[in-house]
Asker: 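First, the structure itself, so that you have it in front of you.
All of these numbers come straight from a predicted model, not from anything done at the bench. Just follow the structure's listing: the first ligand is 1, and inside any ligand the first atom is 1.
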Amino acid sequence: MIINKVLLHVIKMKLKKPFSTHLGTVKEREGIIVEVIDDSGLRGYGEGVAFSTPWYTEETVGTSLHIMKEVLIPLLLKSSISHPEELSTLFSSVRRNNMAKASLECAVWDLYAKQLKKPLWKVLGGNREVIAAGAVAGSPLIEETINQVHGFSAEGYERIKVKISPENDIELIKSIRKEFPHLRLMADANSAYTLKDADHLKKLDGFGLEMIEQPLGIDDIYEHSLLQRELKTNVCLDESIASLHDARSAIALGSCRYINIKLGRVGGYSTAVAIHDLCRQEGVRVWCGGMIEFGVSRAHNIALSTLEGFDFPGDISSSTRYWEEDIIEPAVTVVKGKIKVPNGPGIGVELNRRRLKQVTLLTEEYSL
Ligand code: OSB
Ligand code: MG
């Protein structure tokens, strides 16, 4: 593959409604849209999913841009790779910075599939024509969270996640269960608890939650294994799993029964697929996480979710969940809780250049 140009578009869009966790509130989303262009003019698309500030992981839009511009893009432009798998070796001289790596790696996979004139999901070995969607409520208020759950449920979402913390957990889950006794419901704590809260968390066992995501420390694997032993509710790890090695440790220790796989958090498809394969072999279930992302990342999440092991609905919602208008066409739509996987080459969606331009703060071009 000869990649002779890379474009970065830094974009910013207002969310329709602010999204809150116990860590803070996202009102506007910045992101980086990546285009890698080959010698015949074909374009692969990726998206940098770091936030403006390091509230979720250590990376930010600023650190991603720095690592991409100063290190990763020069490496990519001067290399000659024949397959996107080779990027993990090419980028191995750079520690972590997984979201920066993933944005380029995913763009190269898209380009590679377009060169083959095949949908990316088929190139990856996926076998699902339709994937199950899932929505996440993000309000600090119980009333408003319940309203959001009503809205999602009316739109056809069959699996709904809510954010919890010690301040709202029991009351929130109890009130939702009262109105939705049979809903596939799960809770994400984004590391709001410590092991001392084990007895408190046991109180959630009676509500039939599908799982509780990342209750303990963002880089903890060991204490989650102690907690999982105490809880009936399945533990799912998100923040703690940034590599294949992390997944191996979590499985060996029995720290979780689910792993939320995010392309950005693990550095792209190579590691995402390796974690998926390992989990299947070891009987740990996986699903695809979300990052309040724009359409390019949504399209990649859809491609990833066609792999056999992604049999639990992920945090993949329609473009209209967060955006008045997305930057891709066609936008992602959810019908009866499902998303149809596009069949065009690569990720199967195009950039909506008019919309992209409206929300672009800065575009930079790098070439050989
Ligand atoms: O912890 O899964 C998370 C959004 C931003 C950062 C972290 C997380 C989330 C979500 C997914 O919960 C929300 C979505 O993309 O719909
Ligand atoms: Mg999470």
Asker: Assert yes or no for the condition that the ring centre distance of Y45 to H300 is strictly below 6.0 Å.
Answerer: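 No - the distance between ring centres of Y45 and H300 does not fall below the 6.0 Å cut-off.
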
Asker: Please tell me whether M291 and I32 are part of a single hydrophobic cluster in this structure, the criterion being side-chain heavy atoms less than 4.5 Å apart.
Answerer: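 Yes: a chain of side-chain contacts under 4.5 Å links M291 to I32.
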
Asker: Any side-chain heavy atom of Y193 within less than 4.5 Å of one from H200?
Answerer: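 Answer yes - side chains close enough.
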
Asker: Could you pull out the N/O/S protein atoms under 2.8 Å of the Mg ion (ligand 2), ignoring any water?
Answerer: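 For the Mg ion (ligand 2), the protein N, O and S atoms that sit under 2.8 Å away are D188 OD2, E213 OE2, D238 OD2.
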
Asker: With a 4.5 Å cut-off on side-chain heavy-atom distances among I, L, V, M, F, W and Y, is there a chain of contacts connecting L226 to M211?
Answerer: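 As far as the 4.5 Å side-chain criterion goes, M211 and L226 are not connected within one cluster.
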
Asker: Could you tell me if the side chain of R159 sits less than 4.5 Å from the side chain of M186, heavy atoms only?
Answerer: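 With C-beta onward as the side chain, the pair touches.
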
Asker: D188 versus ligand 1: do any nitrogen or oxygen atoms come within less than 3.5 Å of each other?
Answerer: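 The answer is yes, given that D188 and ligand 1 share an N or O pair closer than 3.5 Å.
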
Asker: Please say which of K262, K163, K161 ends up in a salt bridge (Lys or Arg N to Asp or Glu O under 4.0 Å) with E213.
Answerer: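 In the set K262, K163, K161, the residue that makes a salt bridge (Lys or Arg N to Asp or Glu O under 4.0 Å) with E213 is K161.
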
Asker: Salt bridge or not for E35 and R353, using N-O below 4.0 Å?
Answerer: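 Judged by the 4.0 Å cut-off on N to carboxylate O distance, E35 and R353 do form a salt bridge.
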
Asker: As an exercise, identify every atom of ligand 1 less than 4.0 angstrom from a heavy atom of N190.
Answerer: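 Result: 1 (O), 3 (C).
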
Asker: Fit a plane to each ring of Y322 and F19, take the angle between them on a 0 to 90° scale, and name the class: parallel (under 30°), tilted (30 to 60°) or perpendicular (over 60°).
Answerer: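 If you compare the ring of Y322 with that of F19, the planes turn out perpendicular.
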
Asker: Using a strict 4.0 Å cut-off to heavy atoms of G290, name the atoms of ligand 1 that fall inside it.
Answerer: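 Answer for ligand 1: 4 (C), 8 (C), 9 (C), 10 (C), 11 (C), 15 (O).
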
Asker: Please write down residue, atom name and distance for the protein heavy atom closest to atom 10 (C) of ligand 1.
Answerer: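 Checking every protein heavy atom, the shortest distance to atom 10 (C) of ligand 1 gives K163 NZ, 3.6 Å.
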
Asker: Going by the atom numbers of ligand 1, which of them fall below 4.0 Å from some non-hydrogen atom of E213?
Answerer: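 Answer, ordered by atom number: 2 (O).
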
Asker: For V26, which part has a heavy atom under 4.0 Å from ligand 1: side chain, backbone, both, or neither?
Answerer: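 No part of V26 comes within reach of ligand 1.
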
Asker: If we ignore hydrogens and angles and just use 3.5 Å, is the side chain of R177 paired with the main-chain N or O of F207 as donor and acceptor?
Answerer: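 Side chain of R177 to backbone of F207, a donor-acceptor pair under 3.5 Å: yes, one is there.
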
Asker: Does only the side chain of T21 get under 4.0 Å from ligand 1, or the backbone, or both, or neither? Count heavy atoms.
Answerer: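 None of T21 does.
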
Asker: Ignoring hydrogens, just give me the one of Q214, K262, M291, E239 whose non-hydrogen atom is nearest atom 3 (C) of ligand 1.
Answerer: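 Looking at heavy atoms only, K262 sits closest to atom 3 (C) of ligand 1.
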
Asker: One pair to check against side chain to side chain contact (heavy atoms under 4.5 Å, CB included): W109 and I347. What are the steps and the verdict?
Answerer: CA-CA 9 Å; W109 272 100; I347 55 174; over 6 Å; no

Asker: Please check if any side-chain donor atom of E210 sits under 3.5 Å from a side-chain acceptor atom of N234, or the reverse.
Answerer: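 Side-chain D/A pair, E210 to N234: absent.
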
Asker: Is the NZ atom of K202 crowded by more than 12 outside heavy atoms at less than 6.0 Å?
Answerer: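 More than 12 heavy atoms, drawn from other residues, nucleotides or ligands, come within 6.0 Å of this atom.
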
Asker: Heavy-atom contacts with W55 under 4.0 Å: which atoms of ligand 1 show up? List them by number with element.
Answerer: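 By the 4.0 Å cutoff, the relevant atoms are 5 (C), 6 (C).
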
Asker: Can you check whether Y56 has an N/O within less than 3.5 Å of an N/O in ligand 1?
Answerer: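 So ligand 1 has no N or O lying under 3.5 Å from an N or O of Y56.
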
Asker: Distance to 0.1 Å, residue and atom name: give those for the protein heavy atom nearest to atom 14 (C) of ligand 1.
Answerer: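 Of the protein heavy atoms, Y322 OH, 3.2 Å lies nearest.
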
Asker: Can an N or O of F51 be found at a distance shorter than 3.5 Å from an N or O of ligand 1?
Answerer: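 Such a contact does not occur with ligand 1.
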
Asker: Measure the distance from atom 15 (O) of ligand 1 to every protein heavy atom, then report the residue, atom name and distance (to 0.1 Å) of the closest one.
Answerer: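 Residue, atom and distance for the closest contact: I292 N, 2.8 Å.
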
Asker: Heavy-atom distances under 4.0 Å decide this one: backbone, side chain, both or neither, for V136 against ligand 1?
Answerer: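 It is the side chain that touches ligand 1; the backbone stays farther off.
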
Asker: Please work out, at 4.0 Å between heavy atoms, whether the side chain, the backbone, both, or neither of R321 comes within that distance of ligand 1.
Answerer: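 The answer is neither.
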
Asker: Pairing donors with acceptors under 3.5 angstrom, does anything connect the side chains of Y56 and D238?
Answerer: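 A pair is found: one side chain offers a donor N or O, the other an acceptor, under 3.5 Å apart.
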
Asker: Between D238 and ligand 1, is there a nitrogen or oxygen pair with a distance under 3.5 Å?
Answerer: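 Yes: some nitrogen or oxygen of D238 is under 3.5 Å from one in ligand 1.
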
Asker: What I want to check is whether the side chains of E239 and T57 have a donor and an acceptor closer together than 3.5 Å.
Answerer: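 Checked: E239/T57 side chains show no N/O donor-acceptor pair below 3.5 Å.
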
